[in-house]
Amino acid sequence: MKQMNIDTKVWLKNPRESNYPAAADYLDLLLPRNKVRAIVAALRKEKTVKKKAKDILRASRLPLLPADNIHVQENIQKVKSGKKLSPVLLVRSPRLIVADGYHRVCSIYYLSEDLEIPCRITDLR
């Protein structure tokens, strides 16, 4: 896929409110609910930092989704049309957990693996 320049205009400053319940739903499959509540509360308070797409995938050990995945394609189209993407929500543990934003990470990786992605990161509690 052709590399393109992406600036901060592609990203929202803060995650969308709907990203937090989505993260909680995913984390609820992995962790006890009291830990999930604490993690989501911590994510809300964290400052947004930037990490490279390739590093997020490496640390999470998740596979790169296919470029023809419908959600990956939707996010690539959003970027190309100037719509803003939400920062991703991450949980630091021995294996990085992408609590919300896996498709966004893969989409940005296809545009360029070195692009920085705004993230909220907290530790496993």
To the nearest 0.5 Å, tell me how far I76 CD1 sits from S81 OG.
12.0 Å
With sequence neighbours left out, what residues match A42 under side-chain contact (heavy atoms from CB on, under 4.5 Å)?
T122, R125
Value rounded to 0.5 Å, distance of CG in N75 from CD1 in I70
11.0 Å
Which residue pairs pass the salt bridge (charged side-chain N to carboxylate O under 4.0 Å, His left out) test with at least one member in residues 106-121, sequence neighbours excluded?
K54-D114
Listed partners of S60 passing side-chain hydrogen bond (donor to acceptor under 3.5 Å, both in side chains), at least two apart:
none
Out of T48, L89, I56, which residue meets the side chain to side chain contact (heavy atoms under 4.5 Å, CB included) rule with C119?
I56
Tell me, which pairs form a salt bridge (charged side-chain N to carboxylate O under 4.0 Å, His left out) where one or both residues lie in residues 10-25, sequence neighbours left out?
E17-R44
Considering residues at least two apart in sequence or located in another chain, which fulfil the side-chain hydrogen bond (donor to acceptor under 3.5 Å, both in side chains) criterion with S93?
none
Going from CD1 on I121 to NZ on K51, what distance comes out if it is rounded to the nearest 0.5 angstrom?
5.5 Å
Neighbour count above 12 (heavy atom, 6.0 Å) for L29 CG
yes
Do the side chains of L85 and I108 get nearer than 4.5 Å, heavy atoms only?
yes
Spatial distance of atom CG (L43) from atom CG (L27) [nearest 0.5 Å]
7.5 Å
Would you say V49 ends up clustered with I39 if hydrophobic residues are merged whenever their side chains have heavy atoms under 4.5 Å apart, either directly or through other cluster members?
no
Can you list every salt bridge (charged side-chain N to carboxylate O under 4.0 Å, His left out) pair that touches residues 30-41, not counting sequence neighbours?
D28-R33
Got a list of side-chain donor-acceptor pairs under 3.5 Å for residues 97-104, not counting sequence neighbours?
| residue | atom | partner | partner atom | Å |
| --- | --- | --- | --- | --- |
| D100 | OD2 | N19 | ND2 | 2.9 |
| D100 | OD2 | R104 | NH2 | 2.7 |
| Y102 | OH | P63 | O | 2.4 |
| R104 | NE | S86 | O | 2.8 |
| R104 | NH2 | P87 | O | 3.3 |

Hydrophobic clusters here meaning ILVMFWY residues chained together by side-chain heavy-atom distances under 4.5 Å, can you tell me if V88 and V40 are in one?
no
side-chain contact (heavy atoms from CB on, under 4.5 Å) involving A59 - partner list, sequence neighbours excluded
L96
Quick one: ring-ring contact (aromatic ring centres under 6.0 Å, His included) pairs with a partner in residues 13-65, sequence neighbours left out?
none
Where at least one partner belongs to residues 34-63, residue pairs that pass ring-ring contact (aromatic ring centres under 6.0 Å, His included), sequence neighbours excluded:
none
Identify whether L57 and V79 are in the same connected component of the hydrophobic contact network (ILVMFWY, side-chain heavy atoms under 4.5 Å).
yes
Can you list every pair that meets salt bridge (charged side-chain N to carboxylate O under 4.0 Å, His left out) and has a residue in residues 88-97, with sequence neighbours left out?
R92-D123
Taking all non-hydrogen atoms of both residues, which atom of L124 and which atom of L31 are closest, and how far apart?
CD1-CD1, 3.6 Å
Keeping Y110 on the side-chain end and L65 on the backbone end, is there a donor-acceptor pair under 3.5 Å?
yes
Under the ring-ring contact (aromatic ring centres under 6.0 Å, His included) rule, what pairs show up with a residue in residues 45-70, not counting sequence neighbours?
none
